[in-house]
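What follows is a structure written as structure tokens; I'll ask about it next.
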Amino acid sequence: MKRVLVANRGEIALRIIRACHEENLEAVAVYSAADRESPHVRSADRAIEIGPAPAAESYLAVDRLLDAAARSGADAVHPGYGFLAERAHFAEAVEARGLVFVGPTSDAIRAMGDKVEARRRMREAGVSVVPGTVAPVATEADAVAAADGLGYPVLLKAAAGGGGKGMRRAQSADEVRRGFAGASSEAKSAFGDGSVYIERCLEGPRHVEIQVLADRFGHTVHFGERECSVQRRHQKLIEESPSPAVDDALRESMGEMAIRAAESVGYVGAGTVEFLLEPGGTFYFLEMNTRIQVEHPVTELVYGVDLVREQLRVAGGHRIDASDRVFRPRGHAIECRITSEDPFNGFVPSAGDIGFLRVPTGPGVRWDGGIETGNTVTLFYDSLLGKVIVWGATRGEAIGRMERALDELMIVGVTTSQAFHTLVMGDPTFRSGEYDIEYVDRVGMGLLGKDLPGESLEALAVAAVLAEEARRRVPGAAPRAMPTGGGSAWTNFARRAGLR
């Protein structure tokens, strides 16, 4: 491997480009018309435009990506995450061109991409799975019969999907009937496959995943777990490593099961095996993500490993040398996903120009972002702007460091989820570590009615002033409404600025 086409955009494209350069590989960026000025375009050794803004005509257009690879002379393709990263047909197309796909084989992607097939294989491999159907349910009546047999509540889930799409929770037969058509239709729209299966819904579990890495010579290792239970509508918001609920013995047990799952499909590269962990310590296989994860940095910080470089090395034919690696976590890391969404308005997406960006720095602080001042945030793509990742010697130190880092972060021009993360870091339930996948619905959304700490409000108010000044420079732009309300001076300022 000498030249890698990065078939993605934003922060993950920039992350891969940096890893390529550290491995002395040339990196080729691709970009849509909307991303012409994005940082990843300038950071690459070469950049090729692949189409208009809609993803279907650019980042999801396999022929255009392969044409860019041919034009640039790339001999490998890294898919990143999202878009085509877990699409077996894309890996096949790359392989058919004689290029290296930086990831698992198309067969492994296909095996784990079909959730029903993955569950069947895990059962055969001796991996515990959540009780449910062994095949998709064909009709509404079949769905009700399966749910009655499992016991309520149940989840209707897309066989071909993930990320919460094509998923419905049902507490009764009537809810199964109402949810079946909707889940199937959403799955068909999102994944091109409307197949749905039924799974028993566990009460109060945690979402814990294991990072695995495998080479082409039969060596598979794991780098511990990530706690991903702070999620909204099955979309992760905050991740940490190690999990507050996992001790050394449980970590080893889950790690061994994750390795068994990966080896059962001949997995190669970096991947993540996701589990649901019940309060008593019982865990069940949920799914396997056959790609690099958004939350991979927390593992990197506590295990001292560069997972993207490891992906490139494995793809280039290197063996995993376990003799000089430390497979025990050191310290604690937390990641907050900063998205262009308004948490005070149902997380509605936000778009606009980045008028000013200040990222946090200092000991133990990392910013993985794909934006800079002057960039335009559109509604064409995922809302992720960047990630604040911190490391501390203890979990308490990491939380305190994240609070400081969030105070330093300033993004002017779009509304972001930053304030939500600040509130979570100060929440006693989160700080105790005693939370599960229902945390956001049960506790987190209620935090949005509380006032932010004075320092955080001050930073947001400064951002609001800068944003208002930018608006006033636009001819004909109307100022924001200036509502009033009770509370501290900073709270009132933030309300008048439109932030609360």
Show your working on salt bridge (Lys or Arg N to Asp or Glu O under 4.0 Å) between Glu300 and Arg15 and close with a plain yes or no. CA-CA 13 Å; Glu300 294 184 325; Arg15 172 76 180 85; 2.6 Å; yes
Close side-chain approach of Gln311 to Ile16, heavy-atom, < 4.5 Å: no
Report yes or no: does Ser184 contribute a side-chain atom to a donor-acceptor pair with the main-chain N or O of Gly194 at less than 3.5 Å?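 Checked: pair present.
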Gly355 backbone acceptor or donor facing Thr373 side chain under 3.5 Å: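 No; judged by distance alone, with no hydrogens or angles, the pair does not exist.
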Who passes ring-ring contact (aromatic ring centres under 6.0 Å, His included) against Phe275, sequence neighbours left out? Phe283
Using 4.0 Å as the upper bound for N to carboxylate O, is an ion pair formed by Arg121 and Glu117?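 Between Arg121 and Glu117 there is a salt bridge, with a charged N closer than 4.0 Å to a carboxylate O.
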Counting C-beta onward and ignoring hydrogens, is there a side-chain heavy-atom pair between Pro39 and Ile371 closer than 4.5 Å?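 Of all side-chain heavy-atom pairs linking Ile371 with Pro39, none is under 4.5 Å.
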Tell me the closest heavy-atom pair linking Glu186 and Lys165, and the distance in Å.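 Closest heavy-atom pair between Glu186 and Lys165: OE1-C, 3.9 Å.
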Nearest atoms (heavy-atom pairs only) where Ala13 meets Val6: CA-CG1, 3.8 Å
For Leu156 and Ala183, which heavy atoms make the closest approach, and how far apart are they? CB-CB, 4.3 Å
Test item: Tyr439 and Ile238 side chains (from C-beta on) under 4.5 Å apart, heavy atoms: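 No, their side chains stay 4.5 Å or more apart.
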Verdict with reasoning, Glu240 to Arg226, per salt bridge (Lys or Arg N to Asp or Glu O under 4.0 Å): CA-CA 6 Å; Glu240 57 180 311; Arg226 295 186 287 258; over 6 Å; no
Determine, step by step, whether Arg232 and Gln235 satisfy the side-chain contact (heavy atoms from CB on, under 4.5 Å) criterion, reporting the C-alpha distance in whole Å, the side-chain angles of both residues, the deciding distance to 0.1 Å, and the verdict. CA-CA 5 Å; Arg232 175 180 176 271; Gln235 296 291 327; 5.6 Å; no
Spell out, as yes or no, whether a donor-acceptor pair under 3.5 Å connects the side chain of Thr415 to the backbone of Ser350. no
Do Ser43 and Arg18 pair up side chain to side chain, a donor and an acceptor below 3.5 Å, judged on atom types alone?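 Their side chains do not contain a donor-acceptor pair, so the 3.5 Å distance test is not met.
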Taking atom OG1 of Thr422 and atom CG of Leu452, what is their separation to the nearest 0.5 Å?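 Rounded to the nearest 0.5 Å, the OG1-CG separation comes out at 6.0 Å.
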Check whether Asp114 reaches the backbone of Val116 with its side chain - one donor and one acceptor, N or O, closer than 3.5 Å. yes
Can you confirm whether Arg330 sits close enough to Tyr303 that some side-chain heavy atom of one is under 4.5 Å from a side-chain heavy atom of the other?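 Contact flag for Arg330/Tyr303 side chains = no.
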Measuring from atom CG of Leu84 to atom CG of Leu65, what distance do you get when rounded to the nearest 0.5 angstrom? 6.5 Å
Testing Glu335, Gln231, His296 for side chain to side chain contact (heavy atoms under 4.5 Å, CB included) with Glu239, which one passes?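 Only one option passes, and that is Glu335.
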Test side chain to side chain donor-acceptor pair (under 3.5 Å) applied to Glu295 and Gln211, step by step: CA-CA 10 Å; Glu295 58 272 20; Gln211 176 70 57; over 6 Å; no
Between Glu252 and Asp248, is there a donor-acceptor pair closer than 3.5 Å when you use the side chain of the first and the backbone of the second?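 A pair under 3.5 Å: no.
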With side chain to side chain donor-acceptor pair (under 3.5 Å) as the criterion, how do Glu397 and His332 come out once you've worked through the C-alpha distance, each side chain's angles and the decisive distance to 0.1 Å? CA-CA 8 Å; Glu397 181 177 297; His332 201 94; over 6 Å; no
For a quick test of reading the model, state the closest non-hydrogen atom pair linking Ile334 to Met402 and the distance between them. O-CE, 3.4 Å
Tell me whether Arg395 contacts the main-chain N or O of Arg431 through its side chain, where contact means a donor paired with an acceptor under 3.5 Å. yes
Asp247 (side chain) donor-acceptor with Leu250 (main chain) under 3.5 angstrom: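 Between the backbone of Leu250 and the side chain of Asp247 there is a qualifying donor-acceptor contact (under 3.5 Å).
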Would you check, one step at a time, whether the test salt bridge (Lys or Arg N to Asp or Glu O under 4.0 Å) holds for Arg168 with Glu175? CA-CA 9 Å; Arg168 298 290 190 278; Glu175 290 188 5; over 6 Å; no
If we count only N and O atoms by modelled type, under 3.5 Å, do the side chains of Tyr267 and Thr290 hold a donor and an acceptor together? no
Judged by modelled atom types alone, do Thr376 and Asp353 share a side-chain donor-acceptor pair under 3.5 Å? yes
Any non-hydrogen side-chain atom of Leu384 less than 4.5 Å from a side-chain atom of Ile12?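 Leu384 does not reach Ile12 side chain to side chain.
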Under 3.5 Å: donor-acceptor pair, side chain of Ser417, backbone of Thr339: yes
Any heavy-atom pair between the side chains of Ile354 and Ile411 that's under 4.5 Å?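 Yes, at least one pair of side-chain atoms sits under 4.5 Å.
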Can you confirm whether Val388 sits close enough to Arg337 that some side-chain heavy atom of one is under 4.5 Å from a side-chain heavy atom of the other? no
For Arg206, all residues meeting salt bridge (charged side-chain N to carboxylate O under 4.0 Å, His left out), sequence neighbours excluded: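 Here the qualifying residues are Glu227.
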For the atom pair CZ (Arg260) and OG1 (Thr220), what is the distance rounded to the nearest 0.5 Å?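 Arg260 CZ to Thr220 OG1: 13.0 Å, rounded to 0.5 Å.
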Restricting to non-hydrogen atoms, name the atom on Ile109 and the atom on Ala85 that form the minimum distance, rounded to 0.1 Å.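 The pair with the smallest heavy-atom distance is CD1-O, 4.3 Å.
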Between Val130 and Phe285, is the side-chain contact (heavy atoms from CB on, under 4.5 Å) condition met? List the steps. CA-CA 7 Å; Val130 179; Phe285 171 85; over 6 Å; no
Show your reasoning for whether side chain to side chain donor-acceptor pair (under 3.5 Å) applies to Gln293 and Arg291. CA-CA 6 Å; Gln293 293 277 84; Arg291 53 172 169 79; 2.6 Å; yes
Run Cys336 and Met425 through side-chain contact (heavy atoms from CB on, under 4.5 Å) and show every step you take. CA-CA 10 Å; Cys336 289; Met425 290 301 121; 3.9 Å; yes
Distance (rounded to the nearest 0.5 Å) between His234 NE2 and His207 NE2: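 Separation between the atoms: 11.0 Å.
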Between Phe90 and Pro79, the two heavy atoms sitting closest are CE2-CB, 4.3 Å
Start with the C-alpha distance between Val176 and Tyr152, add both sets of side-chain angles, then the distance that settles side-chain contact (heavy atoms from CB on, under 4.5 Å), and finish with yes or no. CA-CA 10 Å; Val176 171; Tyr152 295 93; 3.8 Å; yes
Scan for ring pair (Phe, Tyr, Trp, His ring centres under 6.0 Å) pairs involving residues 391-422, sequence neighbours excluded, and state none if there are none.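 Qualifying pairs, neighbours excluded: Phe347-Phe420.
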Could you tell me whether a side-chain N or O of Asn375 sits under 3.5 Å from a main-chain N or O of Glu37, the two making a donor and an acceptor? yes
Any donor-acceptor N/O pair, Asn345 side chain to Asp342 backbone, under 3.5 Å: no
4.5 Å side-chain heavy-atom contact, Arg169 and Cys201: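 Yes, close enough: below the 4.5 Å cut-off.
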